[in-house]
Amino acid sequence: MSSESPNTPAAPLTTTGTRQVPDRVSLDGVETRWDEAWTAQDLYGFDRTATREQVYSIDTPPPTVSGSLHVGHVFSYTHTDVVARFQRMRGREVFYPMGWDDNGLPTERRVQNYYGVRCDPSLPYEDAFTPPFEGGEGKSGPQVPVSRKNFVELCERLTVEDERLFEALWRRLGLSVDWSRTYQTVSAESRAVAQQAFLRNLARGEAYQAEAPGLWDVTFQTAVAQAELEARDYPGAFHRVAFHGSEGPVYIETTRPELLPACVALIAHPDDERYQHLFGTTVRSPLFDVEIPVLAHPLAEPDKGAGIAMCCTFGDLTDVQWWRELQLPTRSVVGRDGRILRETPEWLASDGARARYEELAGKTTFSAREAVVAGLRETGDLDGEPVTTQRKANFYEKGDKPLEIVTSRQWYIRNGGRDEALREALLARGAELGFNPDFMKVRYENWVSGLNGDWLVSRQRFFGVPFPVWYPLDQDGEPQHDAPLLPTEDQLPIDPSSDVPAGYTADQRGVPGGFVADPDIMDTWATSSLTPQIVGGWRTDPDLFSRVFPMDLRPQGQDIIRTWLFSTVVRSHLEHGSLPWSSAAISGWILDPDRKKMSKSKGNVVTPMGLLEEHGSDAVRYWAASARLGTDAAFEVGQMKIGRRLAIKVLNASKFALSFGAADEPLSLDPALVTSEIDRAMLAGLADVVEKATAALEAYDHTRALELSETFFWTFCDDYLELVKDRAYGEPSAETASARAALAIALDVLLRLFAPVLPFATEEVWSWWREGSVHRAPWPTPEPLRTSADPGVVAAAGSALAALRKVKSEAKLPLRTEITAAELVVPAAMRPGVESALGDIRSAGRVTGTLTLVDGDGEACVARDAVLVPPAPKA
RNA sequence: GGGCCUGUAGCUCAGCUGGUCAGAGCGCCGCGCUUACACCGCGGAGGUCGCCGGUUCGAAACCGGCCGGGCCCACCA
């Protein structure tokens, strides 16, 4: 053997002990039985004395516990487990933790409904708090306000049960996770990591606070980041509205007439002939009679609408850009609740304008629009009727109302969105990362190249990781945002709404001269982007961290390349100056039979546990492993049935291969005993399979590896096993010993090849005749199997056997039928192979008389002039 | 509008850098309870590789165009 992996036995194993093969083999109960055995042995426990070179570390995606797992999870987590098992057998010490994502909006909502509470960070912690009820799924009603700490405790209580169910499913599926290494994204440790990483970003100037217009969800009343946007179709209508110029009306078209009081300029393209004479002049807005400058800006598109746009603060992101670049005034009228601000703005001077505004104050944008349109009709400033249109609007991915743009103070982390050097550095990180499949890299590059701002990390929610920041209050009680009070790292995690900054006392909270907490929490990605640091012990266990980081693999879905993957790269680049992992494995979607992405709302989700119970875990894993990374796969029960058949075949073929000779007589695995040509040829073929399958798995191509092993295995069963079984049954001789050793060696290798995909069936068989677990056995290498024989001998002999079978099949006779004489037409290339295996061919084909070999061409052997003697009919 | 993926037997998919590629499994048809397996075995039928051009001695594979499916980004006047 050319290379020794750490768990290769010191001396090559050449014989096995006695065998205990059950009379009846079955997959029933293997999942539970082996899960228990593996747990008892701590088979997948991580050995933290391993060095970084020995470790293979996986940054497992933490599923959202307040949701439910579906077949897509089973699919992609199987891909990861195949990698983990392969690497473990290759001799790597696999660091394979499991996390639970219980931070964020889905959990917040679930806890609210389940316990009838809501989070109010301004409240003090209550020691023995009892929620009003439990199990209030979907109930709505008055919710008792509780402190953030109480809320987090309830969250932890609720998610414990979810986690148990999730773990049970993963165990059933056979994930080789080290279950002593689980983490929660809402845990104290995760919060501490998130806060510490943030404080370091802040110290290095990578995190900053800014007051600026930004996208705002009026339902959740929080700022929203670029990565959380979703463009959706939204019905709207173009309204042609007259502004009053000195030389007559100037018409603009708008879908948001309610923003008329927020208008700050009319803007056309600098080259637009139609508006040259107006540039530099002013017009007056209808209804509100505000003097509005007409300005030129290249971003205006002459063929859009009237070619001249109404710039408001703020209707869309283009408005923001105009406002910034043309230094326009701020005239906001939409509040954080999505309603028109109640206070009449000071820029509305005339009584008429103020009266018009008062009609709008407090209305939703929708109602305000109706009122403005009615007003425009009344004054004759609406030209024609509104023309309905489908427009695209930006939505928060979890929201159902279009986003507004609101000015607010927010925290940002630099991500290259407004800094070319950093953008280039992050693009370089992307280039350095091994994407599997590699075309997924394009999504990363597109996203980073298209960033238009830094990462907005603050959210105006209550449940989540709070910013570890307080502000001193001046003598007027105003917070001094530019002089934040920060905790030390060893104090983390803190909750600024209940903890007190150094040098202050609790009773100074909110008092002039005292302090106040930053009210915001972090975006969930601000925590999730640190999963390698959380699970690797960055904060508390530097020794562990040095052994697992940078990690080897990030498995994840393609939809969160722009969020989870990118944000993790950003944090690692900023904090560690490296990639967080060297490779990423991107799984595809599961499509239902209509080729649509499976989703709960469509009611076509099959419960994963039901699937595992019905088909068996190995079968479901086989289906998952049959799909390549990055490729969408159909949810196909047929493929699971094939997997089940394969698993059962592994049991049966193994039972058979182990049945020759006395059970108390050890089987030899010594290749030196393999002397018959066809046996040596079979091993040579297997050597090729091992070599190619290993290369495929190294390249994250589990599909190819499985296909190679599977194809070999079926030929092994259907042809090779049939050919050699008579010889293997024979009296002790060199030929018999050759067949038995070849079968044992092949079985030993095949079980290991299949172990990553079929962990239960292979372990079951392994236990019949081998010590320990197949999952800690070394991955096979081709060298011990190599022989000088031509692997084509097996194919040639198989072709000869098929020809003999075909004669019987066409004569509609049983395969037991004897052939007392026949001619076998053999293509020249197969002649040596057929000759070398003639004895096996004769016995497998039940040829009892003369078998004459005749030269032929073609690609397969053909039998002719066969004399067939059917078996005597049974009584 | 830009980009990525994808279109091969009824179905799900292999066909890697152009020359045994026209394949596998399921399904279908026929046969068979063979000292592992009926949750099985054996044999067989099925496709002008989305369409049209081009490159080449040769293309499912490479190039261009078109058509169809999926997805991402941009488009919010």
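Throughout, protein chains are lettered first and strands after them, A, B, ... in sequence-line order, and every chain is numbered starting at 1.
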Fit a plane to each ring of A:Phe75 and A:Trp623, take the angle between them on a 0 to 90° scale, and name the class: parallel (under 30°), tilted (30 to 60°) or perpendicular (over 60°). tilted
I need the full list of side-chain hydrogen bond (donor to acceptor under 3.5 Å, both in side chains) pairs touching residues 251-269 of chain A, with sequence neighbours left out, sorted by first then second residue. A:Arg256-A:Glu258, A:Arg256-A:Glu404, A:Glu258-A:Arg369
Side chain of A:Asp632 (C-beta onward), nearest among B:rC39, B:rU34, B:rG70: B:rG70
Tell me: CZ of A:Phe566 to P of B:rC72, nearest whole Å? 19 Å
Hey, what do you get for CG (A:Leu815) to OG (A:Ser809), rounding to the nearest 0.5 Å? 7.5 Å
Here the distance between atom C1' of B:rA36 and atom CG of A:Leu646, to the nearest Å, is 15 Å
Only pairs with both distances under 3.5 Å count, Watson-Crick or wobble alike; so what is the partner of B:rG7 in this structure? B:rC67
A:Asn394 CG to B:rC73 P, in whole Å, measures 10 Å
Give the rounded distance in Å between these two atoms: CG of A:Asp383 and C1' of B:rA77. 16 Å
Closest listed nucleotide, where the reference is the side chain of A:Trp714 and the choices are B:rA36, B:rC13, B:rG41: B:rG41
What distance, rounded to whole Å, do you find between the two P atoms, one in B:rG41 and one in B:rG58? 44 Å
Between B:rU12, B:rA36, B:rC76, which nucleotide gets closest to the side-chain atoms of A:Ala634? B:rU12
Residues which pass side-chain hydrogen bond (donor to acceptor under 3.5 Å, both in side chains) with A:Asn652, listed by chain and number, not counting sequence neighbours: none
Cation-pi between A:Arg562 and A:Trp447: NZ/CZ under 6.0 Å from ring centre and within 45° of the ring axis? yes
Identified pairing partner of B:rG43, criterion: Watson-Crick or G-U wobble below 3.5 Å: B:rC29
Could you run through nucleotides 26-31 of chain B and give me one letter per nucleotide, 5' to 3': B if any protein heavy atom sits under 4.0 Å from the base, S if only the sugar-phosphate is that close, - if neither? S---BS
Pick the P atom in B:rC4 and in B:rC62, then give their distance to the nearest Å. 15 Å
Options B:rC33, B:rC76, B:rA36, nucleotide nearest the side-chain atoms of A:Arg816: B:rC33
Expressed as a whole number of Å, how far does the P atom of B:rG18 sit from that of B:rU56? 16 Å
Base partner of B:rC21, which must satisfy Watson-Crick or wobble distances under 3.5 Å: none
Using atom C1' in both nucleotides, what's the gap between B:rA22 and B:rA9 to the nearest angstrom? 10 Å
For A:Ala300 and A:Gln226, find the nucleotide of RNA chain B closest to each by heavy atoms; which residue's nucleotide sits nearer the 5' end? A:Gln226
5'-most contact on RNA chain B: A:Arg805 or A:Glu707, nearest heavy atom basis? A:Glu707
Give a yes/no on whether any side-chain N or O of A:Lys649 is located under 4.0 angstrom from OP1 or OP2 of B:rG41. yes
Using the P atom as the reference point in each nucleotide, state the distance between B:rC26 and B:rC16 in Å, no decimals. 23 Å
Apply side-chain hydrogen bond (donor to acceptor under 3.5 Å, both in side chains) to A:Trp455 and list each qualifying residue two or more places apart in sequence or on a separate chain. A:Asp523
Across all strands, who's sitting opposite B:rC76 as a Watson-Crick or G-U wobble pair, both distances under 3.5 Å? none
With a 3.5 Å cut-off and just heavy-atom distances, do the side chain of A:Glu722 and the base of B:rA36 make a donor-acceptor pair? yes
Could you name each residue pair satisfying salt bridge (charged side-chain N to carboxylate O under 4.0 Å, His left out) that touches residues 298-307 of chain A, not counting sequence neighbours? A:Glu301-A:Lys304
Quick check for you: to the nearest 0.5 Å, what is the distance between A:Leu259 atom CG and A:Arg331 atom CZ? 13.5 Å
As an exercise, state the distance from CG of A:Leu658 to CH2 of A:Trp768, rounded to the nearest 0.5 Å. 7.5 Å
Atom CG of A:Leu382 to atom C1' of B:rA77: distance rounded to whole Å? 15 Å
Under the side chain to side chain contact (heavy atoms under 4.5 Å, CB included) rule, collect the residues that match up with A:Thr631, sequence neighbours excluded. A:Arg628
Partners passing side-chain hydrogen bond (donor to acceptor under 3.5 Å, both in side chains) against A:Asn436 (at least two apart in sequence or in another chain): none
Any residue meeting side chain to side chain contact (heavy atoms under 4.5 Å, CB included) with A:Ala811, in chain and number order, not counting sequence neighbours: A:Leu813, A:Leu868
A:Cys717 side chain, from C-beta outward: closest of B:rA36, B:rC39, B:rC73: B:rA36
Between A:Phe660 and A:Arg740, is there a cation-pi geometry (under 6.0 Å to ring centre, at most 45° from the normal)? no
Show every side-chain hydrogen bond (donor to acceptor under 3.5 Å, both in side chains) that has at least one partner inside residues 306-322 of chain A, sequence neighbours left out. A:His297-A:Trp322, A:Gln321-A:Glu325
Just the table, please: protein N/O against nucleotides 22-24 of chain B N/O, every pair under 3.5 Å.
none

Without decimals, in angstroms, what is the distance between A:Gln321 CD and B:rA77 P? 16 Å
Mind checking if A:Leu299 touches a base, just sugar-phosphate, or nothing, with heavy atoms under 4.0 Å? base
What's the gap between B:rG7 and B:rC51 when it is taken at their C1' atoms, as a whole Å value? 11 Å
The side chain of A:Tyr729 lies closest to which of these nucleotides: B:rA36, B:rA77, B:rC11? B:rA36
Please tell me which of the listed nucleotides, B:rC39, B:rG44, B:rC76, lies nearest to the side chain of A:Lys806? B:rG44
What distance, rounded to whole Å, do you find between the two C1' atoms, one in B:rC13 and one in B:rA74? 34 Å
What integer number of Å spans the P atoms of B:rG54 and B:rA60? 15 Å
Enumerate the protein-to-nucleotides 3-7 of chain B contacts in which both atoms are nitrogen or oxygen and the separation is below 3.5 Å.
none

Distance, rounded to the nearest Å, where A:Asp438 contributes CG and B:rU17 contributes P: 12 Å
Salt bridge (charged side-chain N to carboxylate O under 4.0 Å, His left out) partners of residues 707-719 of chain A, not counting sequence neighbours, each pair once: A:Arg704-A:Glu707, A:Asp719-A:Arg805
Compare the minimum distances between each of B:rG43, B:rA36, B:rC39 and the side chain of A:Arg644, then state the nucleotide with the smallest one. B:rC39
For A:Phe760 and B:rC39, give me the distance from atom CZ to atom C1', rounded to whole Å. 19 Å
In the strands shown, is B:rG58 matched to any nucleotide by a Watson-Crick or G-U wobble pair with both distances under 3.5 Å, and which? none
